[in-house]
Amino acid sequence: VPTLESVEWPGDSFDDPPSNATFATGDGTVLSASLEACPRWGLLQKQPVSVMRYKNISHSELVSQPAVFGEVLKLLGGQLETQDGSSNGRMRRRRRASPAPDVEA
């Protein structure tokens with residue numbers, strides 16, 4: 001998704017409209033280069049790192065999606081109860097970062 005990378009203004013004032021905007025690949029909010037840094041944390045620290053990728057969800061929508069919220073709860077050791085009262089179980093924590101399959105939400 002085209003994601004804003006930089007904006008240039010003519011002169012020293014922000015009063016005029018920008019003269020140039022540069023876009024790069026990302027999720028519409030965060031550049032891919034920054035998103036790709038997350039899995040590398042697992043190689044730099046002892047604490048586990050989990051990476052989850054979701055299709056068709058914008059960066060800002062992540063916090064309002066039940067599938068995403070449930071995965072975060074599982075990583076934290078909790079359980080998410082569904083509207084019918086069932087629980088979604090628990091997820092094992094990973095010790096090393098590894099590419100996660102895309103999850104359709």
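All figures in this text were calculated on a predicted structure; none of them were measured in a lab.
Across all non-hydrogen atoms, the minimal contact from V7 to P18 is CG1-CB, 3.5 Å. Of all non-hydrogen atoms in L4 and A21, the two that sit nearest each other are CD1-CB, 4.1 Å. Between P10 and D16, the closest heavy-atom pair is CG-CB, 4.3 Å.
Applying the side chain to side chain donor-acceptor pair (under 3.5 Å) criterion to D15, with sequence neighbours excluded, gives S13. Applying the side chain to side chain donor-acceptor pair (under 3.5 Å) rule to S6 yields the partners T22; only residues at least two apart in sequence or on another chain are considered. Residues passing the side chain to side chain donor-acceptor pair (under 3.5 Å) test with E5, sequence neighbours excluded: none.
Within the 4.5 Å cutoff, side-chain heavy atoms of L62 are placed close to those of I57. At least one side-chain heavy atom of L75 sits under 4.5 Å from a side-chain heavy atom of M52.
For the side-chain hydrogen bond (donor to acceptor under 3.5 Å, both in side chains) condition, the pairs that include at least one residue of residues 24-36, sequence neighbours left out, are D27-H59. Residue pairs meeting the ring pair (Phe, Tyr, Trp, His ring centres under 6.0 Å) criterion with at least one member in residues 14-40, sequence neighbours excluded, are W9-F14.
Using a 4.5 Å cut-off between side-chain heavy atoms of Ile, Leu, Val, Met, Phe, Trp and Tyr, V63 forms no hydrophobic cluster with any other residue.
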Please report the C-alpha distance between E61 and Y54 in whole Å, then the side-chain angles of each, then the deciding distance to 0.1 Å, and finally whether the side chain to side chain contact (heavy atoms under 4.5 Å, CB included) criterion is met.
-> CA-CA 11 Å; E61 292 175 319; Y54 295 89; over 6 Å; no
